[in-house]
J.: 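Mind looking over this structure? Questions follow.
Below, chains carry the letters A, B, ... as their sequence lines are ordered, and counting in each starts from 1.
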Protein chains: 2
Amino acid sequence: MGVSLKDVASRAGVSIKTVSNVVNNYPHVTPQMRAKVQQAIDELGYRPNLTARHLRKGRTGIIALAVPEFGNPYFAELAGAVVDAAARHDYTVLVDHTAGLREKELLVSQGFRAHVIDGLILSPIHLETEDLTARTDSAPLVLLGEREYEAPYDHIAIDNVAAAREAVRHLIGLGHRRIAFLGSRTGRERQPAHLRLRGWREEHAAAGLEADDALVVVTDGYGREDGASAMAALLDRGGRPDAVFAYNDLIAVGAMRTLTERGLSVPGDVAVVGFDDIEEGRYGSTTLTTISPDKEAIARLAVDSLVERLAGGTAPEPRRQRPGYRLVVRESTTRSARSR
Amino acid sequence: MGVSLKDVASRAGVSIKTVSNVVNNYPHVTPQMRAKVQQAIDELGYRPNLTARHLRKGRTGIIALAVPEFGNPYFAELAGAVVDAAARHDYTVLVDHTAGLREKELLVSQGFRAHVIDGLILSPIHLETEDLTARTDSAPLVLLGEREYEAPYDHIAIDNVAAAREAVRHLIGLGHRRIAFLGSRTGRERQPAHLRLRGWREEHAAAGLEADDALVVVTDGYGREDGASAMAALLDRGGRPDAVFAYNDLIAVGAMRTLTERGLSVPGDVAVVGFDDIEEGRYGSTTLTTISPDKEAIARLAVDSLVERLAGGTAPEPRRQRPGYRLVVRESTTRSARSR
DNA sequence: CTGAAAGCGCTAACAA
DNA sequence: TTGTTAGCGCTTTCAG
């Protein structure tokens with residue numbers, strides 16, 4: 001095995017505690033003692049065993065982040081932001097993906113890495129309130145994303161209904177009247193797309209327009225191909241929309257691809273709005289109008305909340321925090337943004 | 001603190017060892033004993049403390065993966081594949097990003113999480129051979145990517161020169177003669193883009209064509225904006241190419257955006273080939289021809305190599321493994337692939 | 001098949 | 001200022 005404190009101690013002819021003092025930069029060590037110990041450390045190539053330290057201190061300095069998929073740039077970008085936010089608190093992030101599987105989400109939330117992670121940030125898709133209330137793991141948990149839960153955990157999410165309404169309002173304001181929603185899921189009320197779909201409905205109502213349910217398209221997943229096939233299905237069934245509000249940017253990108261293939265122009269024939277503001281949307285041949293959640297704020301709030309609970313002290317009530325967002329208008333809804 | 005083995009043992013009225021046996025599914029435990037212990041475990045909500053287990057066993061079952069950026073979908077997709085490959089060996093992956101900083105790469109390679117990770121998979125950009133030979137951390141290390149090192153570590157990378165040559169050959173075969181290379185870095189020979197640039201040169205030579213260095217554009221980074229500005233710079237300086245071979249897909253995407261903005265058509269005016277085969281390239285309004293490295297193979301080989309060294313036993317010579325790749329032809333070089 | 005005890009490497013009282 | 005010692009919770013000989 002490796003070199004331990006004891007080895008260094010005997011090499012330097014001092015006690016184990018003295019070595020520990022040096023390693024941990026304790027103030028009251030004489031310079032010469034420090035030098036002697038440091039030399040032994042260097043000679044032996046000693047590295048502290050963090051596992052032992054963790055056991056002793058009861059904490060590891062590692063927090064976990066579980067997202068559905070790295071393949072979705074939104075989560076990839078978010079993960080980067082979380083890693084950076086955590087680093088500012090001297091925490092390392094263990095990133096995991098749940099592959100959109102409820103089973104995996106359950107596993108993660110139950111603390112499958114008990115005691116090796118100090119806390120968890122989870123962005124669930126399928127988890128239910130019951131799963132959360134049945135949770136036994138004692139590590140603090142912070143939730144991310146659109147799902148709503150009646151469970152005592154911090155939850156960070158932008159106001160999805162309001163954001164969706166703003167997106168739809170933008171389209172209505174441009175004169176569109178047949179606005180499709182791409183990316184609804186079948187099943188329960190609380191499914192992820194619920195809030196954004198509700199925003200779509202509410203804004204129609206507010207504008208005195210009828211929301212046509214025939215323009216709501218269910219998808220299997222949240223990827224580009226799901227958007228492409230949803231758009232194709234919608235066109236095939238006849239009622240061509242004059243605008244599309246997609247659950248997220250990937251679906252929007254897929255939908256635009258199908259429109260291109262069908263010889264329809266964006267935004268000329270069909271305007272498109274997405275959700276997430278992934279970088280990809282800023283570089284297509286038609287850039288994408290989208291709702292841009294403040295990812296840095298989301299990451300920061302999540303990490304700060306977790307760190308606060310980890311620090312103990314005050315254990316505040318579970319909080320619901322709403323970071324900001326904004327509508328970013330690009331070419332997929334307005335030609336004018338086009339440089340030529 | 002939490003519930004420990006000891007608590008369960010006293011609750012069940014047995015020894016600590018018996019509880020351990022049950023927890024670890026040791027074969028020789030009478031069913032009734034097992035039932036009794038299991039009941040105590042359930043009642044107390046006992047979870048094994050993995051940190052303690054790690055300390056005792058000298059290993060953690062965690063491997064680290066360090067990539068430059070999650071924002072680059074190539075690495076995000078690769079990370080997903082590595083997580084899955086590792087899971088098949090019962091390893092958890094701690095994903096880290098180096099932000100393309102040499103300092104961070106150094107830190108990671110030196111084992112800043114000593115003993116909490118069993119091994120490391122690193123995709124370096126700036127690390128030098130000296131950094132690697134000076135490495136003291138004893139955890140096994142597997143390298144990924146285009147950089148070449150004279151250091152005793154396993155290295156997984158596709159044949160970048162051959163792949164680049166195939167991409168350029170494709171362009172030459174289509175009749176292009178002014179083929180730009182976007183994404184070279186200034187500085188040392190061994191900089192990442194070196195091999196792909198060399199492929200560009202070699203294939204020109206093999207075809208009896210002159211490679212025009214005025215068509216090689218240096219970029220600061222490897223993102224979409226770097227591609228966009230590189231393309232703009234190239235067009236601004238006058239010598240318009242009839243084709244572009246980009247260091248990676250992101251640069252290609254950025255370049256295509258600039259071409260669109262300038263009113264040039266792809267592939268009509270300028271054909272474009274990328275490298276990485278990120279999903280994004282399959283959904284633009286002009287899909288992207290690219291070199292597609294076998295990411296699953298890369299992830300699998302990396303994890304397998306690491307696991308093999310972790311298992312100890314035979315410590316084979318450092319190996320250089322070359323997973324496969326293929327040229328995927330799409331619309332950015334051939335209209336014919338277009339559906340209309 | 002089960003129990004007792006040692007010890008993984010470290011930190012933190014407490015002593016000296 | 002430095003040394004001694006007792007665990008953190010677990011696995012693992014070695015007995016019984």
J.: What is the separation between atom CZ on A:R53 and atom P on C:dC8, rounded to the nearest whole Å?
T.: 18 Å

J.: If you check the B:I16 side chain, which of D:dG9, D:dT2, D:dT11 turns out closest?
T.: D:dT11

J.: By nearest nucleotide on DNA chain C, pick out whichever of A:Y26 and B:A52 is the more 5' one.
T.: B:A52

J.: Heavy atoms only, 4.0 Å cut-off, all strands: where does A:V29 land among base, sugar-phosphate and nothing?
T.: sugar-phosphate

J.: Given atom CG of B:N21 and atom P of C:dT2, what is their separation to the nearest angstrom?
T.: 8 Å

J.: Side chains of A:H155 and A:Q321: closer than 4.5 Å at any heavy-atom pair?
T.: no

J.: Of all the choices, C:dC10, D:dT4, C:dG3, which nucleotide is nearest to the side chain of B:T18 once you look at every atom?
T.: C:dG3

J.: Does the pair A:R320 and A:D154 meet the rule for a salt bridge (charged side-chain N to carboxylate O under 4.0 Å, His left out), with working shown?
T.: CA-CA 6 Å; A:R320 190 174 170 75; A:D154 287 338; over 6 Å; no

J.: Side chain of A:N49: nearest nucleotide among C:dC10, C:dT11, D:dT11?
T.: C:dC10

J.: What is the separation between atom CZ on A:R56 and atom C1' on C:dG9, rounded to the nearest whole Å?
T.: 11 Å

J.: Identify which nucleotide among C:dT11, D:dT2, C:dT2 has an atom closest to any side-chain atom of A:S20, counting heavy atoms from C-beta outward.
T.: C:dT11

J.: Figure out the NE2/P separation between A:H115 and D:dC10, and round it to whole Å.
T.: 7 Å

J.: Salt bridge between A:K295 and A:D276, side-chain N to carboxylate O under 4.0 Å?
T.: no

J.: Which listed nucleotide (D:dT1, C:dG9, C:dG3) is nearest to the side chain of B:L55?
T.: C:dG9

J.: If you only use heavy atoms from C-beta on, which nucleotide in D:dT12, C:dT2, D:dC10 is closest to the side chain of B:T30?
T.: C:dT2

J.: Starting the side chain at C-beta, find the nucleotide from D:dT4, D:dC8, D:dT11 nearest to B:K6.
T.: D:dC8

J.: In this structure, how many angstroms lie between the P atom of C:dG7 and the CG atom of B:L5, rounded?
T.: 19 Å

J.: Closer to the 5' end of DNA chain C via nearest nucleotide, is it B:K57 or B:G13?
T.: B:G13

J.: Considering residues at least two apart in sequence or located in another chain, which fulfil the side-chain contact (heavy atoms from CB on, under 4.5 Å) criterion with B:P152?
T.: B:P318

J.: Under 4.0 Å between a side-chain N/O of A:S4 and OP1 or OP2 of C:dG9, yes or no?
T.: no

J.: Between atom NE2 in A:H28 and atom C1' in D:dG3, what is the gap in whole Å?
T.: 16 Å

J.: Please determine, by modelled atom types, if A:D131 and A:H126 share a side-chain donor-acceptor pair under 3.5 angstrom.
T.: no

J.: Between D:dG3, C:dT2, C:dG3, spot the one nearest the side chain of B:M33, thanks.
T.: C:dT2

J.: From D:dC10, C:dA4, C:dC10, pick the nucleotide closest to the side chain of A:P48?
T.: C:dC10

J.: When the distance from CG of B:L50 to P of D:dG9 is rounded to whole Å, what number comes out?
T.: 13 Å

J.: Looking across every strand, which nucleic acid part, if any, lies under 4.0 Å from B:V14 by heavy atom: base, sugar-phosphate, or nothing?
T.: sugar-phosphate

J.: Just the rounded figure in Å: distance from P of D:dC10 to CZ of B:R47.
T.: 12 Å

J.: Using the six-membered ring wherever Trp is involved, compare the ring planes of A:F70 and A:H97 and label them parallel, tilted or perpendicular (cut-offs 30° and 60°).
T.: parallel

